[in-house]
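So the structure is just underneath, and the comments pick up after that.
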Amino acid sequence: MLSALDKWEASRIAPIMLEEAVPILEKNVKKHTALHKDTGEMQSSIKKTKAKRTGKDGYSICVRPTGTDEKDVRNMEKVAYLEYGTSRQKASPVLSPAVKESEEAICDKMQEVFEREIGVGSLW
């Protein structure tokens, strides 16, 4: 099976796998940040990026809060304060539980996309 996946196939398939799996993480990050919803502004700023090539053989995609609030505080800062705490605020992680909760479903989705894209049924 691996011989069927040359470098060209990997660069074609990897972004598709990431794009189709990232909504799972996006949904869970929004779910976990909802527990800390004040105005809903930070939660609604959470967006997924497009898959992009990182380095020679890698690809990445990201789910993150964007923008700032009316006081010019970045929404990513707010998530960092929740995740790690501050000198006056106890940590209340939102990203790590969302990632942990998403991991199995993301792996399953990526495997499904991989098999569909290389035509696993046609190899056997």
Side-chain angles (χ1 to χ4, degrees):
M1 183 164 86
L2 289 177
S3 63
L5 184 65
D6 64 10
K7 209 167 196 73
W8 181 85
E9 282 292 299
S11 25
R12 181 183 70 79
I13 294 172
I16 297 168
M17 292 168 63
L18 291 171
E19 296 280 351
E20 290 192 32
V22 77
I24 297 164
L25 179 59
E26 182 181 31
K27 180 183 120 204
N28 284 328
V29 170
K30 286 183 176 185
K31 180 178 92 173
H32 283 274
T33 56
L35 304 172
H36 304 279
K37 186 163 108 175
D38 211 8
T39 65
E41 199 172 308
M42 179 198 48
Q43 184 190 26
S44 65
S45 80
I46 294 169
K47 308 276 187 257
K48 61 185 186 276
T49 65
K50 296 264 185 218
K52 66 179 182 178
R53 190 176 190 113
T54 52
K56 185 175 140 190
D57 295 319
Y59 290 85
S60 69
I61 199 161
C62 183
V63 172
R64 65 173 184 237
T66 59
T68 60
D69 66 12
E70 68 283 348
K71 296 176 187 171
D72 212 27
V73 176
R74 293 176 294 174
N75 287 316
M76 188 60 210
E77 256 182 274
K78 295 175 191 176
V79 170
Y81 297 151
L82 286 171
E83 189 73 16
Y84 302 108
T86 67
S87 60
R88 293 181 280 157
Q89 175 182 316
K90 185 178 168 191
S92 182
V94 292
L95 296 177
S96 46
V99 168
K100 186 174 181 160
E101 185 177 320
S102 304
E103 186 175 13
E104 187 176 342
I106 286 173
C107 288
D108 290 347
K109 183 63 171 179
M110 290 176 75
Q111 184 69 41
E112 172 192 315
V113 173
F114 176 80
E115 290 172 3
R116 179 190 74 215
E117 290 298 315
I118 64 163
V120 162
S122 65
L123 292 177
W124 313 118

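This one's a predicted model, so the numbers in the text were calculated from it and none came from an experiment.
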Would you say the side-chain atoms of T66 pair up with the backbone N or O of S45, donor to acceptor, closer than 3.5 Å?
yes

Report the C-alpha separation of L18 and K50 in whole Å, then their side-chain angles, then the decisive distance to 0.1 Å, and conclude whether the side-chain contact (heavy atoms from CB on, under 4.5 Å) test is met.
CA-CA 9 Å; L18 291 171; K50 296 264 185 218; over 6 Å; no

For a side-chain hydrogen bond (donor to acceptor under 3.5 Å, both in side chains) with Y59, tell me which candidate from R53, K52, E19 qualifies.
R53

Working to the nearest 0.5 Å, report the span between NE2 of H32 and CD of E83.
10.5 Å

Donor-acceptor under 3.5 Å (K47 side chain, S44 main chain)
yes

With D69, the side chain to side chain contact (heavy atoms under 4.5 Å, CB included) member among E77, E41, M42, R74:
E41

Taking the side chain as everything from C-beta on, heavy atoms only, tell me whether V94 gets closer than 4.5 Å to V79.
yes

N/O donor-acceptor pair under 3.5 Å between T86 side chain and Y81 backbone:
no

Is there a donor-acceptor contact under 3.5 Å from the side chain of E20 to the main chain of K109?
no

More than 12 heavy atoms of other groups within 6.0 Å of E104 CD
no

Taking every heavy atom of S102 against every heavy atom of N28, the minimum-distance pair comes out as OG-ND2, 2.8 Å

Backbone N or O of I13 within a donor-acceptor pair of the E117 side chain at under 3.5 Å?
no

To the closest 0.5 Å, what do you measure between CE (M17) and CD (E112)?
10.5 Å

Does the pair I106 and L25 meet the rule for a side-chain contact (heavy atoms from CB on, under 4.5 Å), with working shown?
CA-CA 8 Å; I106 286 173; L25 179 59; 3.9 Å; yes

Roughly how far apart are I46 CD1 and L95 CG, rounded to 0.5 Å?
8.0 Å

Residue K27 excluded, over 12 heavy atoms near NZ under 6.0 Å:
no

Checking side-chain contact (heavy atoms from CB on, under 4.5 Å) for the pair K78/N75: CA distance, chi angles, key distance, verdict?
CA-CA 5 Å; K78 295 175 191 176; N75 287 316; 3.2 Å; yes

Is the CD atom of E103 crowded by more than 12 outside heavy atoms at less than 6.0 Å?
no

